[in-house]
Amino acid sequence: MSAVEVFPGVTVNPNVRSGRPVLRGTRIDTAFLETRFMAGEMLVSIAADLGIGLKFMTGEIENSLRFEWGIRQRTKAGRELRQRVLDAG
């Protein structure tokens, strides 16, 4: 089965990371990115550490955070994540 885009820049493939949502074209799961961002890391730092380019930093990473927020929108953590994405963007 091929990857299915579930959100802009976020794909799911049962053969990649056990079907967890990942950045398009990578094996980097969105929950991992959310954890690092919520721990206070800047998007530039995350992108540099993972060896991905500015395209991912400005687009796919932000979209992955929005995707994770959408999953958790009814929780306090989801509201905090949404505010951090809005503030960073």
Fill in the blank from the handout: Nearest heavy-atom contact between V12 and G19 is CG1-O, 3.2 Å
Exercise for the section: Find the distance between CG (L33) and CZ (F67) and round it off to the nearest 0.5 Å. Expected result: 12.0 Å
Problem - For E34 against L65, the heavy-atom pair lying closest together - result: CA-CD2, 3.6 Å
Practice task
Enter the distance from I28:CD1 to L50:CG here, rounded to the nearest 0.5 Å.
Solution key: 4.5 Å
Problem - Gap between atom OG1 of T26 and atom CZ of R17 - 0.5 Å precision - result: 9.5 Å
Handout entry: N63 side, atom CG; R24 side, atom CZ - distance, nearest 0.5 Å
Key = 8.5 Å
Exercise for the section: Search all heavy atoms of T30 against all heavy atoms of S64 and return the closest pair with its distance. Expected result: CG2-CB, 3.4 Å
Problem - Side-chain heavy-atom pair R27, V16 within 4.5 angstrom cut-off - result: yes
Exercise for the section: Not counting sequence neighbours, which residues clear side-chain contact (heavy atoms from CB on, under 4.5 Å) with A31? List them please. Expected result: D29, E68
Fill in the blank from the handout: Between T11 and E5, the two heavy atoms sitting closest are CG2-CA, 4.0 Å
Problem - Worked check of side-chain contact (heavy atoms from CB on, under 4.5 Å) between R36 and D49 - result: CA-CA 11 Å; R36 292 186 64 173; D49 187 45; 2.7 Å; yes
Exercise for the section: Find out if a path of hydrophobic residues (ILVMFWY) with successive side-chain heavy-atom gaps under 4.5 Å connects V22 to V10. Expected result: no
